[in-house]
Amino acid sequence: MTTRLRLSNCGLSAGKRARLHRILYKHGLGNGTALFLPYDQGLEHGPRDFFADPIAGDPRYIIRLALEGGFNGIAIQIGLAEKFYWDYAGEVPLILKLNGKTDIPSDARALSPVHASVEDAVRLGADAVGYTLYVGSPAQEEDFAQYRVVRQEAQRLGMPLIVWAYPRGEAIERKGGKDSFYAVHYAARVASELGADVVKVNFPHPEKHTAVPADYAIDFSSQDAIDAVVRAANRTMVLVSGGSRASDEVMFEKAQESMSAGATGLIFGRNVWQRDHEESLKFVDRLRQILAKYPTP
Ligand SMILES: O=C(CO)COP(=O)(O)O
């Protein structure tokens with residue numbers, strides 16, 4: 001088990017620390033762990049994610065769910081933030097996503113263009129911004145360049161920067177795929193090297209080792225894999241993402257292993273809202289029981 005990071009150990013400026021303190025200690029369980037509700041799938045995947053449970057297509061429903069479920073924050077794009085966020089008077093912290101893309105073009109040269117600014121985030125009362133970085137994409141040079149502008153603005157304005165570190169591209173596919181241990185481990189390290197305050201990763205699949213460099217061809221358990229990912233992030237807090245719908249047992253195991261590895265929290269979307277309201281709240285309650293076991297003073 002890795003030691004859980006404290007806010008005081010993350011090299012944060014005063015503004016970033018104050019905002020992260022609000023997210024981690026004034027919302028959710030208030031124990032230093034985080035449960036975020038991401039709701040950018042309408043842009044990233046299109047309306048198909050809402051077919052299973054059409055109410056989930058309504059941003060007002062999702063923000064209410066974030067409140068009722070006691071989430072630490074909601075991650076949305078600028079359009080929904082402008083139109084819906086203040087209906088709820090900022091009762092749940094806002095993480096404004098600054099870039100995003102549709103899944104209509106292929107991922108061969110994945111790049112998530114920036115369409116909002118850190119100043120937008122300040123104007124909207126956000127407590128953090130989110131940036132998707134496609135680690136391994138042939139468009140890396142452009143990605144790093146636009147990321148640098150966001151990082152510098154976030155630094156200037158005291159705004160915590162959460163990097164969605166997503167391995168992508170043909171080279172990643174050859175080395176085990178985007179949720180292989182190799183790819184997720186590398187992505188966590190990249191976000192830390194590039195100055196993210198928080199990194200969001202997929203849960204690594206240690207069994208997807210084929211065709212990766214020999215150093216990685218080790219018989220890891222999933223716990224060993226997520227432990228190593230959290231270590232690779234160094235003084236960058238780690239959030240583990242949910243992914244597409246899976247059984248509750250699989251999700252709870254993922255949550256348990258992530259928190260035991262020293263992750264700060266979870267960012268689960270479709271597994272929360274692709275089900276009926278009562279079921280969503282029950283599911284969230286079980287996640288909160290897991291987080292409650294890992295307080296960070
Ligand atoms: O952070 C996420 C999307 O931005 C994760 O969402 P899912 O849990 O639906 O995969």
Side-chain angles (χ1 to χ4, degrees), residues 23 34-53 55-57 59 61-63 65-66 69 71-81 92-103 107 110 112-116 126 128-135 160-168 177-179 183-184 187-188 191 196-205 226 229 237-248 250-255 258-259 263-275 279-280 283-284 286-287 290-291:
I23 291 175
L35 183 59
F36 290 116
L37 191 63
Y39 190 59
D40 59 348
Q41 293 83 351
L43 173 65
E44 300 287 339
H45 308 149
R48 71 166 187 268
D49 278 351
F50 312 126
F51 293 164
D53 201 5
I55 185 88
Y61 172 74
I62 296 292
I63 300 175
L65 184 60
F71 280 79
N72 296 74
I74 181 166
I76 52 181
Q77 299 282 0
I78 184 107
L80 302 192
V92 60
L94 169 65
I95 294 120
L96 187 69
K97 275 302 304 288
L98 302 184
N99 65 344
K101 67 170 193 53
T102 70
D103 75 351
D107 262 353
S112 187
V114 167
H115 55 71
V129 290
Y131 181 95
T132 297
L133 184 80
Y134 285 126
V135 177
L161 173 56
I162 305 180
V163 168
W164 271 231
Y166 282 166
R168 281 292 186 285
K178 61 188 183 190
D179 53 1
V184 177
D197 301 309
V198 183
V199 58
K200 180 202 159 209
V201 292
N202 293 326
F203 194 90
H205 282 281
I226 188 68
V229 167
M237 284 175 267
V238 173
L239 300 174
V240 175
S241 82
S244 50
R245 274 306 294 276
S247 74
D248 287 2
V250 165
M251 296 310 295
F252 296 142
E253 198 176 310
K254 191 188 272 198
S258 302
M259 296 310 293
T264 296
L266 309 168
I267 175 160
F268 284 10
R270 287 165 287 175
N271 277 279
V272 171
W273 43 254
Q274 282 184 340
R275 53 173 100 213
E279 291 297 316
S280 294
F283 178 73
V284 169
R286 289 281 303 276
L287 295 179
I290 294 169
L291 295 183

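Ligands are counted one by one from 1 in listed order, and the atoms in each one are counted from 1 as well. Keep in mind that what you see is a predicted model, and the values were worked out from it rather than measured.
- Contact analysis leaves N271 out of contact with ligand 1, as no non-hydrogen atom separation drops below 4.0 angstrom.
- Heavy-atom proximity to D40, at under 4.0 Å, picks out these atoms of ligand 1: 3 (C), 4 (O).
- Taking every non-hydrogen atom of P38 and a distance limit under 4.0 Å, the qualifying atoms of ligand 1 come out as 1 (O), 2 (C), 3 (C), 4 (O), 5 (C), 6 (O).
- Under the 6.0 Å cut-off for aromatic ring centres, F252 and F268 do not qualify, their centroids lying 6.0 Å or more apart.
- Every atom of ligand 1 with a heavy atom of F268 under 4.0 Å away is listed here by number and element: 8 (O).
- Residue W164 places a heavy atom under 4.0 Å from ligand 1.
- Summarising the local packing, CZ of R245 is surrounded by more than 12 heavy atoms from other residues, nucleotides or ligands at distances under 6.0 Å.
- In terms of heavy-atom proximity, G269 sits nearest to Q41 at CA-NE2, 4.1 Å.
- Within the 4.0 Å heavy-atom criterion, neither part of E44 lies near ligand 1.
- Interface atoms of ligand 1 facing G242, defined by a heavy-atom separation under 4.0 Å, are 8 (O).
- Ranking protein heavy atoms by distance to atom 8 (O) of ligand 1, first place goes to G269 N, 2.7 Å.
- Applying the side-chain contact (heavy atoms from CB on, under 4.5 Å) test between V199 and each of V229, V238, L239, L133 identifies V238 as the sole match.
- Of the protein's non-hydrogen atoms, the one nearest atom 6 (O) of ligand 1 is Q41 NE2, 3.1 Å.
- Of all atoms in ligand 1, listed by their number and element, those nearer than 4.0 Å to a heavy atom of R270 are 7 (P), 8 (O), 9 (O), 10 (O).
- Side chains of D53 and E279 form no contact here, defined as non-hydrogen atoms less than 4.5 Å apart.
- Between Y39 and F50, the ring-plane angle classifies as tilted under the 30° and 60° cut-offs.
- Here the CD1-CD1 distance, from I95 to I267, works out to 6.5 Å after rounding to the nearest 0.5 Å.
- Here the closest non-hydrogen pair linking A191 and A165 is CB-CB, 4.4 Å.
- Here K200 has side-chain heavy atoms under 4.0 Å from ligand 1, and that is the only part of it that gets that close.
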